[in-house]
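Notes follow once the structure below has been shown.
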Amino acid sequence: MGFWDRFRGKIAAPAHQVGVAPAQQLQVRPAPAPVAQSPAWVPPGTTVQIGRFSVSGGMLYVGAVPRHLHGTEQMPECVDPSLKINYLRPDHVGAEMPYWPAYHSITPAGRSGYLAWLAGGRVVPDAYIGYVFLYFYGLERRVLVDARADPAAREDLRRIYAEVLRLLRIYGSNRSFRSCASEFQDCLELMLTGEGANSSLTPPDPGTTTRYAAPVSLRMGLGLFARQGRPIPAEWAHSWALLHPEIFPRTPAARCPEEFRRLFLARYRRVHGDGLVVRPGKRQVSVSYRPASAGISSTHVELGIPDVLTEIVPTRQLAELVEDCANALEAYSRLVGRRPGAAGTLAAAALLPDELLDGCAAALEPVREVVDRALSSSGVVDGEELIALWPARVPGKFGKPDAVGLAQLLERIGVGVEPDVRMGGRVLGPGPAVVFRAEHDQPTTASHEYAAATILLHLAAVVSAADGEVSEMERTHLLSHLESALHLSPGEKERLAAHLTWLLAGETKLTGLKKRLAALTAAQRDHVADFLTMVAAIDGQISPGEVKTLRKIYTLLELDPELVYGKLHASASSRPAPATEPVAIGGGGIAPPDFAIPRPAAMSAQTGTLVLDQQVIEARLAESAAVSALLADIFADDVAEEPLPTLIRSDVPSVAGLDAAHSAFVRKLAESPLWTRSELEELCAELGIMIDGALDSVNEAALDVADEPLVEDDGDEYRINDYARGELLA
């Protein structure tokens with residue numbers, strides 16, 4: 001049984017069977033086609049004269065309607081030229097039109113208004129919607145009645161489908177018409193598929209298609225792939241995921257549709273290759289359509305295409321992928337929500353997933369040039385050169401949020417930077433900075449071990465650089481010890497080497513370390529002192545500058561600086577035996593600047609330079625691992641958990657789904673129209689939340705509720721949006 005045989009069995013016959021004259025090619029010019037005596041279909045592209053109106057385009061029924069049908073619901077779409085038309089007072093607004101119009105039953109003024117709309121090309125946006133329905137009745141009859149037996153009518157399906165889409169674009173704002181025409185569109189799509197017109201099917205656009213009832217075109221396309229055992233392409237999967245009635249994409253999918261689409265396609269292909277292959281079930285795609293015309297009975301169309309839209313396994317896989325893409329775009333979505341013009345900037349590129357960086361190639365080019373130039377030598381670059389690349393939030397002021405954004409941007413292109421505020425470093429400023437190629441995953445927060453290593457590295461770099469240069473031996477031993485003693489990850493090792501390069505590229509000072517070192521016990525200070533003394537002696541030479549620096553560090557450690565000389569001598573000795581000749585340790589005053597440790601017994605006969613016992617040095621290095629562990633303990637104490645601040649009450653209702661801390665933050669913000677950053681930082685500290693993350697979270701919630709951010713950054717102050725505040729706290 002063919003499609004039309006099955007279709008004929010599914011559709012009920014109309015209440016009154018109308019004889020349909022065979023379609024005929026009517027002459028468009030030079031004169032309008034003659035009007036048929038009995039109702040007949042006017043083919044598309046044909047012009048017909050009805051009274052004083054010349055109606056072009058065809059696609060309507062014209063002819064005499066039997067008198068006994070006047071006043072009934074039968075043949076409402078037929079334009080009967082014999083009926084009166086009021087040319088003087090046309091009813092353009094449908095004031096005299098009934099709810100269920102029929103051309104043979106409406107007033108002469110209504111006929112004049114309807115014919116004027118037809119003759120005007122059926123394009124007037126504010127036309128009375130009853131006239132649109134009256135015309136629409138004719139399209140329904142051609143599809144649901146004539147096409148059952150007339151091949152010429154079936155050839156009109158494509159043009160009628162296009163006409164329905166055109167009417168939807170013009171009159172789709174009317175809810176009633178949009179509902180009827182959309183359902184008729186589904187019916188046409190299914191019928192066209194049965195006619196073999198599915199080769200040009202494309203996935204429906206999620207941006208212009210309602211998701212409350214998945215379109216038949218989507219169900220048909222997916223069903224055809226399943227029936228043929230073919231993988232579902234990424235574009236079809238994207239429409240499937242976003243139009244699925246049981247998958248609920250979050251804000252990033254709606255706010256950043258193009259970025260979401262590109263990311264979804266890339267990750268779908270990475271996970272599923274050519275696409276998911278769905279096993280068809282028993283359920284089939286079908287359409288039940290109740291015509292708008294009262295003269296045609298309801299229709300049910302079914303073609304034997306499997307309906308796989310709601311298959312459980314692929315639905316779960318698509319939902320997981322949608323969630324994954326939304327999470328990856330969440331930070332970027334918040335940025336463009338606050339600053340719509342930020343798309344395409346470096347600040348936006350810093351937040352994009354790696355798969356989307358190709359779209360920012362032009363914006364990233366200046367950054368790559370600076371980085372490549374620095375990496376071609378030592379990696380050292382002027383911090384101001386990096387800062388100049390970044391669009392600061394406050395013009396002329398490169399703050400911590402900007403430093404974080406720049407570090408994230410460099411991370412996107414596989415490059416790390418020192419100092420990095422995320423790892424406890426200072427904000428970039430004038431002076432040396434270091435970029436390095438990140439071969440391993442880089443941490444974004446400092447572990448206790450890494451933080452301890454940077455303190456030891458800072459102290460050791462001060463000592464090593466005291467003689468004006470740092471030998472490769474000093475650098476290698478220093479890094480290898482810290483890396484192995486603290487069990488740093490590969491990414492931390494890469495960063496630590498860059499950190500040392502940065503320390504040595506600038507003027508390394510001891511400022512900022514006193515508070516950290518004050519927490520050490522006397523025994524721990526001795527361990528640190530031994531380690532730094534060993535660093536000074538590691539290259540076999542001890543300069544007056546190194547001695548002077550060690551004395552300063554000993555003072556910082558609250559140790560007697562006079563102990564430096566004895567420890568230096570012990571570190572330089574190849575064995576713990578007493579000297580064979582007098583050794584001047586120094587009196588109570590400051591040692592003379594040309595002081596040097598006397599040469600031990602083991603000397604090189606050829607050069608006369610000091611020869612160190614490397615086994616002893618390595619043993620000292622191993623022992624100093626305890627120093628690193630002690631410093632790590634100090635950092636662990638610094639981040640000890642504290643009880644929740646009293647400002648947070650668990651019994652207070654949540655604001656827009658936010659947690660207790662951020663809900664309390666919103667309520668406190670609502671108490672004042674203006675805030676300074678210092679005030680916000682103090683408030684966030686009381687609540688135990690980070691200021692930038694907190695602002696992003698509450699603004700995201702406000703955008704979801706009110707389409708406007710709650711907190712607006714005006715540079716020196718933060719302004720509270722009254723409308724968003726009211727919506728959030730309503």
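In what follows, residues are counted from 1 in the order of the sequence shown.
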Using a strict 4.0 Å threshold on nitrogen-to-oxygen distance, state whether Glu439 and Arg437 make a salt bridge. no

Using modelled atom types and a 3.5 Å cut-off, is there a donor and acceptor pairing between side-chain atoms of Arg725 and backbone atoms of Ala670? yes

Before accepting this row, confirm whether a basic side-chain N of the pair Lys668/Glu671 lies closer than 4.0 Å to the acidic partner's carboxylate O. yes

Any ion pair linking Glu323 and Arg250 (charged N to carboxylate O, less than 4.0 Å)? yes

If you round to the nearest 0.5 Å, how far is CG of Leu680 from CD1 of Ile691? 4.5 Å

Ignoring hydrogens, what is the shortest heavy-atom contact between Pro443 and Gly491? Give both atom names and the distance. CD-C, 4.1 Å

Minimum-distance pair of heavy atoms, taken over all atoms of Leu563 and Tyr554: CB-CE2, 3.9 Å

Would you confirm whether Arg334, through its side chain, and Glu700, through its main-chain N or O, come within 3.5 Å as a donor-acceptor pair? no

My understanding is that only one of Arg270, Arg261, Arg412 makes a salt bridge (charged side-chain N to carboxylate O under 4.0 Å, His left out) with Glu355; could you say which? Arg270

Leu500 vs Leu496 side-chain heavy atoms within contact, under 4.5 Å: no

State, yes or no, whether a side-chain contact exists between Trp390 and Val367 at a heavy-atom distance under 4.5 Å. no

Electrostatic pair Glu681-Arg677, nearest N-O below 4.0 angstrom: yes

Atom of Leu669, atom of Ile720 and distance for their closest heavy-atom approach: O-CG1, 3.7 Å

Is it true that, when you exclude Asn327 itself, more than 12 heavy atoms of the residues, nucleotides or ligands shown sit nearer than 6.0 Å to its CG? yes

Is the backbone of Leu710 close enough, under 3.5 Å, to the side chain of Asn699 for a donor and an acceptor to pair up by distance? yes

Please state whether the rings of Trp502 and His499 are parallel, tilted or perpendicular, taking 30° and 60° as the class boundaries. tilted

Ala438 to Glu494 - nearest heavy-atom pair and separation: CA-OE1, 3.6 Å

Minimum heavy-atom separation for Thr676 to Tyr718, with atom names? C-CD1, 4.2 Å

Kindly compute the distance separating CZ (Arg338) from OG (Ser333), expressed to the nearest 0.5 Å. 10.0 Å

Interatomic spacing from CG in Leu695 to CD1 in Ile689 - rounded to 0.5 Å: 8.5 Å

Nearest 0.5 Å please: distance from the CG atom of Leu406 over to the CG atom of Leu346. 8.5 Å

Of all heavy-atom pairs linking Glu411 and Gln442, the shortest is OE2-O, 4.0 Å

